[in-house]
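Scroll down for the structure; my scribbles are underneath it.
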2 protein chains.
Amino acid sequence: MPERTRKAPAQDDATERALSRLRELVREKGLNSSAIRDAIARAAVTFQGHFEVGDLLEEVRKSGVKGAHLATVYRALPLLLEAGVIQQTMLSSGERHFYESAFEREHHDHLVCQKCGTVIEFRSEAFEAMERELAARYDFELTSHVHELLGVCGKCRRKAAPAKRRASASS
Amino acid sequence: MPERTRKAPAQDDATERALSRLRELVREKGLNSSAIRDAIARAAVTFQGHFEVGDLLEEVRKSGVKGAHLATVYRALPLLLEAGVIQQTMLSSGERHFYESAFEREHHDHLVCQKCGTVIEFRSEAFEAMERELAARYDFELTSHVHELLGVCGKCRRKAAPAKRRASASS
DNA sequence: CTTCCTGCAAAGGCTTTGCAAAGCT
DNA sequence: AGCTTTGCAAAGCCTTTGCAGGAAG
């Protein structure tokens with residue numbers, strides 16, 4: 001198979017490191033390790049893009065684990081989050097719960113096209129600096145943030161608005 | 001009864017304007033007006049702070065409308081949103097759906113204390129400017145955004161930190 | 001009179017939980 | 001052995017929908 005799921009050479013290592021980290025957390029908590037949970041973690045780290053719980057389960061099953069159950073994925077999620085393997089994202093008005101791989105990735109935020117659903121990640125040190133400043137002003141200790149810009153991408157705009165001739169409707 | 005729900009003199013006017021706007025939208029859509037929906041709208045505009053659907057229903061009932069039903073509130077929500085009477089907010093990781101009055105209010109974002117739940121609103125033109133710039137860079141036309149800073153407020157920090165001498169807290 | 005609105009109840013999604021069996025250490 | 005983990009099914013939220021009667025235009 002041509003490089004379908006192959007990402008970058010460093011990625012496979014990262015997956016392993018993520019698994020180690022998860023196992024470490026599991027050990028710290030005095031829990032047991034489990035092949036299924038590892039498979040879930042692996043699927044989560046390797047997942048390209050944003051996913052929902054069902055997507056993750058599907059991915060796990062694709063990876064060979066046949067009996068995996070949705071409840072099990074749900075039960076694994078808190079651990080994955082705590083281990084920093086995944087993080088929650090808030091796409092599209094919070095109607096659904098999305099996650100994405102978060103291991104050894106820099107924090108980033110999202111630009112979401114409301115027409116085609118395209119998600120673009122962006123990172124801006126300037127934003128972060130301003131956030132820190134703002135938090136300080138309110139005597140807050142920041143732990144995280146959510147920053148999502150909703151709009152319409154250029155492609156969709158050109159597709160939808162070729163009849164843009166300043167007629168009636170505005171804004 | 002003393003000024004319980006009295007806010008500012010301009011606020012009552014705003015409530016009426018919000019109602020007018022809603023009625024206008026209703027008329028445009030060829031729908032009927034209804035006392036209950038107005039009561040829901042009124043409760044929404046007057047609501048102090050963020051609320052969920054249940055809170056809104058409660059408020060409506062407090063206002064004298066006894067039989068109001070949850071389904072009715074749900075059915076009114078899209079209209080209130082479209083009329084710009086309320087807007088959705090995305091507090092605390094999108095696990096629940098919050099709304100807040102949005103009529104004739106400037107856009108603002110939130111700073112949320114994860115310990116005590118306090119929500120502080122902030123507005124920063126600098127942020128907005130940067131967002132516009134960033135959107136432009138990606139050829140996006142912005143329609144809205146979500147920006148929420150999560151952290152711990154000073155009060156909670158001072159409350160929690162000094163007593164931090166417990167030994168084996170497995171938390 | 002026709003169409004919309006409402007309460008009620010039932011149905012739908014998604015997520016969590018109780019249980020007993022199977023698995024890890 | 002003594003714990004955790006899992007599948008399964010049932011229970012739980014929150015939200016939506018179908019229906020019949022009441023209200024608005």
Side-chain angles (χ1 to χ4, degrees), chain A residues 19-20 22-44 50-58 60-61 63-83 86 88-99, chain B residues 19 22-44 50-58 60-61 63-83 86 88-99 170:
Chain A
L19 278 183
S20 304
L22 175 62
R23 294 206 184 98
E24 188 185 330
L25 178 67
V26 161
R27 205 175 317 124
E28 276 172 23
K29 286 180 169 284
L31 303 178
N32 294 343
S33 65
S34 104
I36 294 215
R37 196 162 45 206
D38 283 1
I40 295 171
R42 203 182 297 268
H50 303 87
F51 55 86
E52 292 182 82
V53 178
D55 302 323
L56 189 50
L57 174 62
E58 200 177 312
V60 169
R61 288 188 168 151
S63 80
V65 183
K66 287 300 182 300
H69 198 279
L70 200 51
T72 305
V73 178
Y74 275 110
R75 284 192 269 232
L77 281 181
L79 232 34
L80 299 192
L81 285 166
E82 189 175 346
I86 59 172
Q88 223 171 344
T89 67
M90 312 184 74
L91 303 175
S92 319
S93 305
E95 283 152 18
R96 293 152 84 188
H97 293 177
F98 285 93
Y99 300 86
Chain B
L19 277 182
L22 175 63
R23 293 207 184 95
E24 189 184 330
L25 177 67
V26 161
R27 203 176 318 123
E28 275 172 24
K29 287 181 169 282
L31 304 178
N32 293 344
S33 65
S34 107
I36 294 213
R37 195 163 45 206
D38 283 1
I40 294 171
R42 203 182 296 269
H50 304 85
F51 55 88
E52 293 184 80
V53 178
D55 302 323
L56 189 50
L57 174 63
E58 200 177 312
V60 169
R61 288 187 169 152
S63 81
V65 182
K66 288 300 182 299
H69 198 280
L70 200 51
T72 306
V73 178
Y74 275 109
R75 283 190 271 232
L77 281 181
L79 232 34
L80 299 193
L81 285 166
E82 189 174 347
I86 59 174
Q88 223 171 344
T89 68
M90 311 184 78
L91 302 176
S92 317
S93 307
E95 283 151 19
R96 293 151 87 190
H97 293 177
F98 284 93
Y99 300 86
S170 37

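Lettering of chains follows the sequences in order, A, B, ..., and the numbering in each one begins at 1.
A/E28 has its CD atom 16 Å from the P atom of C/dT25, to the nearest Å. Protein atom CD1 of B/I40 is 12 Å distant from nucleotide atom P of C/dC5, rounded to whole Å. Following rounding to the nearest Å, B/R96 (CZ) and D/dC13 (P) show an atom-to-atom distance of 12 Å. Atom CG of B/D38 is separated from atom C1' of C/dC4 by 14 Å (rounded to the nearest Å). In this structure, the CD1 atom of A/I36 is 18 Å from the P atom of D/dT4, given to the nearest Å. At whole-Å resolution of the value, CG in A/L25 and P in D/dT4 are 15 Å apart. The NE2 atom of A/H97 sits 12 Å away from the P atom of D/dC14 (whole-angstrom rounding). When rounded to the nearest whole Å, the span between NE2 of A/H69 and P of C/dT16 equals 14 Å.
Checking B/G67 against A/G54, the closest nucleotide of DNA chain C that is more toward the 5' end is the one next to B/G67.
Taking A/E24 as the reference, nothing meets the salt bridge (charged side-chain N to carboxylate O under 4.0 Å, His left out) condition, with sequence neighbours excluded. Annotation: salt bridge (charged side-chain N to carboxylate O under 4.0 Å, His left out) contacts of A/R23 (sequence neighbours excluded): A/D38. Evaluation of the ring-ring contact (aromatic ring centres under 6.0 Å, His included) rule for B/Y99 yields no partner, not counting sequence neighbours. In this view, B/K66 satisfies the salt bridge (charged side-chain N to carboxylate O under 4.0 Å, His left out) rule with no residue, not counting sequence neighbours.
Distance check: A/R61 CZ to A/H69 NE2 gives 7.5 Å after rounding to the nearest 0.5 Å.
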Which letters describe nucleotides 16-25 of chain D, given B = protein heavy atom under 4.0 Å from base, S = only from sugar-phosphate, - = neither? BBB-----BS
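For residues 71-83 of chain B, the pairs satisfying salt bridge (charged side-chain N to carboxylate O under 4.0 Å, His left out) are B/K29-B/E82, with sequence neighbours left out.
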